[in-house]
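In what follows, every heavy atom counts, from backbone to side chain, and hydrogens, waters and symmetry copies are set aside.
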Amino acid sequence: MSIITPPETDQPEEPTNRAMPTHRLKEYFSRPYVRRILIMAVIIMAGVIALGWVVVGFMNTTGAPASDIMVELEQTVLIFTIASAPLIAITLSIIFYSLTGWKHSSGDEPPMQDSPAIRTNPVAVIAWIAATSLLAGFLVVWGLIELATITSNAYGSTSANQQPTDVKQIDINVTGQQWVWSFEYPDQQGITSDTLVVPVNTPLYFNATSVDVIHDFWIVELGVKIDVNPGAITNTGVTPTKLGTFNIRCAELCGLHHAYMETKIEVVTQEQFDAWVRDKGGMKTA
Amino acid sequence: MSVMTTQVFEQPAVIQPKQHGKPGGFLRHTSIFTGLAGGIVLAAITYMIGSKLVPWGTQNADFSQVGLNALIAATMFAWVIGFMAGIGAFAGPIRWALGHDLTHDDAEYMAGKDQGKFRYWKYTTDHKVVGTQYFVMVLVLLGVGGFLAMLIRTELGWTWGELFDPDFYNSIIGTHGIVMVVSLIIVVTGPLGNFIMPIMVGARDMAFPRLNALSFWLLFAAVPPLLATLFMGGIRDGWSVYQPLATQAGMGMVGYQVLIIVFAFSTGVASVNLITTAVTMRARGMNWSRVPIFVIGIIASSVMGLIWFPMYQYSQAFAMSDLVVNSSFYNPVAGGSVWLYENLFWLLAHPEVYVIVVPATAGILELMTVFLRKPLFSYKLAIAGFAGVVGISAIVWVHHMYMTGFAPQVGYPFMLSTELISIPFGFLVLVALGTMWRGKVWTRLPMMCVYAVIWDKVIGGITGVYLSDVPVDQYMHGSMFVVAHFHFMLMGAGLFGAMACISYWFPKMCGRMLNERIGSIGFWVAFFGFQLTFFSMFIAGLQGMPRRVLQFDNAFNVSNWVSTIGAYIIGIGMLIFLYAIITSWRGKTWAPANPWGAKTLEWQTSTPVPLENFPVLPVVTSDPYGYGVPDPYDAIEQELAKDDNELKVPQ
């Protein structure tokens, strides 16, 4: 039986424990490059957040938002921009600082001196994974809630179980064919039109289908989009909240004159709509 | 691989097969020229026999020209088979079936020994020859795709009327799309995966050298049918060729389907080969914690290609069957489903984005360590990132179909998976940032490309955040915003990343240094034009401009003019970069074996690389990232620790 004895040394014991976390953090934030990167990140973050409003501004150039869906959707753009701004700012400020801050070497020969051999940093890795996961989780949760809201908006007064809860809803049958849109109003004695005329603040419910290839029914300023498939009926809906004339375009390549497959939606008052229906030969509905 | 020892291993004697005739046998007489002859002859014979059986104008009950499509498809496949036979692709299997196994001399002949430059025109199995062939091929394809892009932008910038016939315009859109997708899929894994990767893992060649030649020449044979479509009605339906629109395009579509069916074989063969090489042929001592990250990227990309390319192949095989024998997989009138096509198509077409981006990303991570003189930050996190991307890429495809009109609940899980894939991709961003952290940059062209790529990825990422969301997609789906977004990912990250990789490995592949000055000018001009083009395209999309249109509202005029000017600037920049590649390649001064002072194995062998890569196979004793000096801040930490210890001493 052998007894393991520790090797005897007459050296004093090495200080093996690391500095206290608070000291290390304080020291870390006193480093000049950390401070500069953080300042840069804050500036970039402000810029990115401002960019959110620029994006929404461009979306609004032709009169959007003209429906609750579009309002929600632009709000989502803003929220997503703000939520992802910190990570974007950190990333961009590090690459900018790497370009401008830390030393450079140029010339044809490999530089003589290497950079610090940082193999990994558990704190950075864990913090990054936590931050990206939180961001992704937030985006998912927000997106799901938003999708549920929009779905209930889109289906107008028809609830999720397809039971009508409100009679004041206009059904519109949308038909796409190469390369025109046509609209039929079954509730108004089946009058047809090639521009969409609808009353303001009334839920619309679209039954969309195609007679030939796939088209995509896009009311730009109302934020409504649905593929129009041959052999199937797809549904969506919206409540226009703003008077005016807006664009309807085809957003799925559908052949030769895809570019010209567009029409207008006129959002008018209830009285104007009733008059229009009478002109078309339909009768006023309740 | 700072320490490399050389050892000679005892080889047991193996019974060698008998040599029949001169080394190489039948393959001594074949080259690309016999291949072209074989392809043209067989195609002509097939066409003549076919046109007797189904004369022009043969129609079926619903007046579609079914007979013609069958004839064109048969002719195109005959071209491919004839070409492959003519170049000698079947010589190996036939010899094997006859019991004439290859001798060592045969294998060396097939690898191009003592054939000079002519080996590039033959069915050569040497991975370096195949890599170079891929490189030239990809330059040609990118040239074609880029030229078509210029035509598209010319039409869109010409806001005063139609410059092109709408049918021709639609077909250049589709052809630009598919040519660019094919060339970007192969731009890194083709040249660099074949040329560099086997040397990087310390192998003498690929695991299956003959399959390697097969994968290249199949691709080569598949391209003429694609380009022929431009004269046969074209691919008028975008590169995604949604059904049932595609059936209207007639014989133009046949060329597309032949390309995809053959290209999927080519990709599958290449993927198997790359994976097997990386897994089984690594040098002694190169265990999984010492594999360069570029090799991991190639494996990840090949795994995705191997698994998902068959989906694309099936989708096009069904489409061809619809077109040729009037089956009805996708025809809703006869009981088919257009959604079946969309699902099959996007099952590949989303992972394909990662097939393009992953190897380019791996390449830039690899070269960052060299130009920053730092080890790769958190190697394990990088591997986790690639693994995560490969895994989740399988379950995100429906985010291309948010607006197809399925029940809204279907969007929920795919919105989740789409957001989730940003987490492993974020790992790779952290690896890049961590490697940059406090690194002294050696400002050479490959490294400068890396900054451009990360910038583009950030822009592509933030716009991707909007698009991954179903409600926002309700506005942005099918608009120019999407076009700009995926160009930032595929071109900004994929192509510019490939340019970084090519300029980094150029001295090893082509034996000369890439002209730093001209190359940089070309790259930055292209980068500047790229930002101009696609930022204004974002604006057009946000204002409501749908994609793939020929004419549009006056509201979009300004952003389209800017886009077109930017596109021409990209074109000029790319031509300058191409000029740098060509002039550097033709230069007379040879590059040193290791111009960057890198530590991976491919730089440890001589330039030009000898036939079997290494005189003696290397033995690896450490990972390839042994750069760096001790961190000066560690001393400060020690000081702090000392202070703390003093504080802790009881008084």
Side-chain angles (χ1 to χ4, degrees), chain A residues 15 18-20 23 27 55 58-59 61-62 73 76-77 80 84 88 91-92 94-95 98-99 102-106 110-111 114-117 119-120 125 128 132-133 136 139-140 143-144 146-147 150-151 213-214 216 220 223 225-227 229-231 234 249 251-256 258-259, chain B residues 166-167 237-238 242 244-245 332 338 372-375 378 381 403-405 408 412 415-416 419-420 422-423 426 430 433 436 438-443 451 454 458 462 465-466 469-472 474-475 477-478 539 542-544 546 548-551 596-597 627-629 631 637 640-641 644-645:
Chain A
R18 309 181 73 184
M20 284 181 10
H23 283 221
E27 186 272 324
V55 168
F58 279 120
M59 287 164 82
T61 43
T62 49
L73 203 146
T76 308
V77 167
F80 279 17
S84 48
I88 287 168
T91 309
L92 289 184
I94 291 175
I95 69 166
S98 172
L99 265 173
W102 291 301
K103 281 179 196 159
H104 284 196
S105 57
S106 53
D114 279 12
S115 306
R119 284 273 174 174
T120 187
V125 170
W128 181 270
T132 50
S133 306
L139 297 181
V140 172
L144 292 182
E146 196 69 15
L147 180 55
I150 289 216
T151 309
V213 301
I214 303 176
D216 191 297
V220 180
K225 186 176 281 160
I226 194 79
D227 268 12
N229 298 294
T234 48
R249 299 201 174 96
E252 188 64 65
L253 179 60
C254 58
L256 195 61
H258 162 60
Chain B
D167 257 348
D237 324 308
Y242 270 15
L245 180 62
V338 293
L372 287 154
R373 318 304 300 176
K374 280 186 72 194
S378 205
L381 191 71
M403 292 304 128
T404 46
Y412 294 0
M415 189 150 72
L416 175 70
E419 303 284 9
L420 281 187
S422 66
I423 297 175
L430 179 66
L433 294 182
M436 270 181 193
R438 291 171 53 204
K440 296 185 191 68
V441 191
W442 181 20
T443 52
Y451 291 106
I454 295 178
V458 167
I462 183 175
V465 163
Y466 302 149
D469 185 68
V470 183
V472 180
Q474 197 156 320
Y475 187 82
H477 172 86
I539 292 171
L542 288 172
Q543 289 175 323
R548 293 165 173 164
V549 294
L550 166 96
Q551 277 295 308
W596 313 118
Y627 308 100
V629 293
D631 187 351
E637 287 223 341
L640 272 173
D644 282 354
N645 282 316

side-chain hydrogen bond (donor to acceptor under 3.5 Å, both in side chains) against Tyr466(B), all qualifying residues, sequence neighbours excluded: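 Testing Tyr466(B) for side-chain hydrogen bond (donor to acceptor under 3.5 Å, both in side chains), a comparison that skips the adjacent residues, returns Thr81(A).
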
Can you tell me how far [atom2] of [Y] sits from [atom1] of [X], rounded to the nearest 0.5 angstrom?
X	Y	atom1	atom2	value
Lys440(B)	Asp114(A)	NZ	CG	8.5 Å
Ile226(A)	His477(B)	CD1	NE2	9.5 Å
Thr120(A)	Leu381(B)	OG1	CG	7.5 Å
Leu416(B)	Leu139(A)	CG	CG	11.5 Å
Thr443(B)	Leu99(A)	OG1	CG	9.5 Å

Can you find a heavy atom in the side chain of [X] that is under 4.5 Å from one in the side chain of [Y]?
X	Y	result
Val140(A)	Met415(B)	no
Arg373(B)	Pro111(A)	yes
Leu542(B)	Val55(A)	yes
Leu253(A)	Tyr242(B)	no

Under a 3.5 Å distance rule, please check whether [X] uses its side chain to pair with a backbone N or O of [Y] as donor and acceptor.
X	Y	value
Lys225(A)	Met403(B)	no
Ser115(A)	Lys374(B)	no
Glu419(B)	Ala136(A)	no
Trp102(A)	Met436(B)	no

Top of Gly231(A), Ala251(A), Ser98(A), Ser106(A) for chain B proximity - count of heavy-atom pairs under 4.5 angstrom: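 Among the listed options, the one with the most contacts to chain B is Ser98(A).
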
[X] versus chain B, heavy atoms under 4.5 Å apart: side chain, backbone, both or neither?
X	value
Leu92(A)	side chain
Ser84(A)	side chain
Thr61(A)	side chain
Arg249(A)	side chain
Glu252(A)	side chain

Heavy atoms only: give me the nearest [X]-[Y] pair and the separation to one decimal.
X	Y	result
Pro471(B)	Glu146(A)	CG-CG, 3.7 Å
Arg119(A)	Pro375(B)	NE-CB, 3.7 Å
Ile88(A)	Val458(B)	CG2-CG1, 3.8 Å

Part of Thr404(B) lying under 4.5 Å from any heavy atom of chain A: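 Contact with chain A involves both backbone and side-chain atoms of Thr404(B).
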
Region of Trp442(B) in contact with chain A, defined by heavy-atom distances below 4.5 Å: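 Both parts, backbone and side chain.
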
Name the option with the most non-hydrogen atom pairs under 4.5 Å to chain A; the candidates are [options].
options	value
Val470(B), Ile423(B), Asp167(B), Val441(B)	Val441(B)
Gly238(B), Ser422(B), Gly426(B), Ser378(B)	Ser378(B)
Gly597(B), Gly544(B), Gly478(B)	Gly544(B)

Sequence-distant partners of Pro244(B), side chain to side chain contact (heavy atoms under 4.5 Å, CB included), two or more places apart: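 Scan of Pro244(B) (side chain to side chain contact (heavy atoms under 4.5 Å, CB included), adjacent residues dropped) gives Val213(A), Ile214(A), Pro230(A), Thr247(B), Val338(B).
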
CA sep, side-chain torsions, deciding dist, call: Val77(A), Tyr475(B), side-chain contact (heavy atoms from CB on, under 4.5 Å): CA-CA 11 Å; Val77(A) 167; Tyr475(B) 187 82; over 6 Å; no

